[in-house]
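Hydrogens, waters and symmetry mates play no part in the numbers below; they use all other heavy atoms, side chains included. Counting from 1, the numbers follow the sequence of the chain as shown.
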Amino acid sequence: MSQDSSAAAVTTSVENAIGYVTLTEPERRNPLSVATMRSFQQALLYLSTTPAVRVIVVRAEGPAFSAGHDLTEVVGRSLEEEREIFAVCTEMMLTIHRVRQPVIAAVQGMALAAGCQLVASCDLAIASSTARFSTPGVKIGLFCSTPMVALTRAIGRKQAMRMLLTGEMIDAATALQWGLVNEVVAPESLDTVTRSMAETIASSSAMTIGIGKEAFYQQIDLSESDAYAAMQEVMANNATTCDAQEGISAFLGKRTPHWQDR
């Protein structure tokens with residue numbers, strides 16, 4: 001099954017339980033124009049409401065994952081027009097967290113500025129050893145302030161500030177060390193390893209995964225005591241679901257669980 005998004009720059013497809021969102025402007029290094037970002041968000045929402053889809057993978061064609069915002073759209077615009085660009089970007093990034101399925105970035109090449117933000121916003125990320133990451137806005141007078149939000153939450157203050165203030169490129173090994181990506185693999189293994197991770201996640205109850213993803217982002221910025229208060233209620237409710245009862249019973253009975261996703 002496949003479905004093209006409204007813009008040629010973004011396509012969607014479904015293979016078994018995995019939904020793919022693919023950036024398809026390799027000759028332009030997959031820039032995130034306003035139209036592309038809107039199509040990307042629509043693709044996420046389409047896949048999130050497709051019952052068969054249990055995991056979403058974000059990937060790109062060509063040598064670059066994404067060069068970030070389409071800078072031709074940023075020149076000579078009014079303040080209101082500039083606000084619209086970054087509002088659309090913010091909504092796209094937040095949608096990654098709001099959809100019920102885990103979203104995995106498969107990064108084959110350079111991820112710059114908002115492209116780096118996209119990687120940082122995804123729930124998980126696997127990078128080719130050839131991938132590179134940077135937030136170079138400072139070099140052109142446009143500080144990467146919105147990418148900073150996702151980047152800081154992914155890798156922490158000191159390393160994020162280093163990337164933001166210097167605009168320097170980091171390699172995949174450094175991205176792994178800093179926590180921007182989960183795994184670095186050989187270029188020829190990127191698709192296989194990403195699919196394997198997606199299939200592992202898809203083998204669990206979709207309802208349970210959805211509960212866990214929502215809870216993760218709910219608690220991440222709370223104080224410790226507030227996080228515990230919120231999560232004990234989430235876990236108590238989770239424990240009463242059919243899939244939790246089935247999973248626990250299957251574990252105790254040494255059998256394979258049969259998920260009903262409820």
Item to check | Gln159 side-chain N/O to Gly156 backbone N/O, donor-acceptor pair under 3.5 Å | outcome: no

Checklist entry - Is the OH atom of Tyr217 crowded by more than 12 outside heavy atoms at less than 6.0 Å? => result yes

Next on the checklist: Within the supplied structure, the quantity of interest is the number of heavy atoms (other residues, nucleotides, ligands) at a distance under 6.0 Å from Arg100 CZ; does it exceed 12?
Outcome noted: yes

Checklist entry - Thinking salt bridges, do Arg262 and Glu246 make one under a 4.0 Å N-O criterion? => result no

Checklist entry - Knowing that exactly one of Asp123, Ile56, Ile201, Asn182 qualifies, which makes a side chain to side chain contact (heavy atoms under 4.5 Å, CB included) with Ile104? => result Ile201

Next on the checklist: Using modelled atom types and a 3.5 Å cut-off, is there a donor and acceptor pairing between side-chain atoms of Thr50 and backbone atoms of Tyr46?
Outcome noted: yes

Checklist outcome for this item: Only one of Thr146, Thr152, Leu151 passes side chain to side chain contact (heavy atoms under 4.5 Å, CB included) with Met148, and that residue is Thr152

Item to check | Over 12 foreign heavy atoms within 6.0 Å of CZ, Arg132 | outcome: yes

Item to check | Worked verdict on Thr194 versus Asp191 for side chain to side chain donor-acceptor pair (under 3.5 Å) | outcome: CA-CA 5 Å; Thr194 302; Asp191 290 342; 5.7 Å; no

Item to check | pair Arg54-Ile209: side-chain heavy atoms closer than 4.5 Å | outcome: no

Checklist outcome for this item: When rounded to the nearest 0.5 Å, the distance separating CG of Asp243 from CD1 of Ile211 is 8.5 Å

Item to check | Polar side-chain atom of Ser205 near backbone of Thr208 as donor-acceptor pair, under 3.5 Å | outcome: yes

Next on the checklist: Has Glu73 got a side-chain atom pairing as donor or acceptor with Val34's backbone, closer than 3.5 angstrom?
Outcome noted: yes

Checklist entry - Would you say Asp70 and Arg28 make side-chain contact, with heavy atoms under 4.5 Å? => result yes

Checklist entry - Near Glu224 CD, under 6.0 Å, is it more than 12 heavy atoms from other residues, nucleotides or ligands? => result no

Checklist entry - Can a donor-acceptor pair be found between the side chains of Thr130 and Ser128 at a distance below 3.5 Å? => result yes

Next on the checklist: Treating Thr24 as the side-chain partner and Ala8 as the backbone partner, does any N or O pair qualify as donor plus acceptor under 3.5 Å?
Outcome noted: yes

Item to check | More than 12 heavy atoms from other groups under 6.0 Å of CG on Asp226 | outcome: yes

Checklist entry - Where does the angle between the aromatic ring planes of Phe86 and His69 fall among parallel (under 30°), tilted (30 to 60°) and perpendicular (over 60°)? => result perpendicular

Next on the checklist: So for atom CD, which belongs to Glu183, do other residues, nucleotides or ligands contribute more than 12 heavy atoms lying within a distance under 6.0 Å?
Outcome noted: yes

Item to check | Other residues, nucleotides, ligands: >12 heavy atoms within 6.0 Å of Arg157 CZ | outcome: no

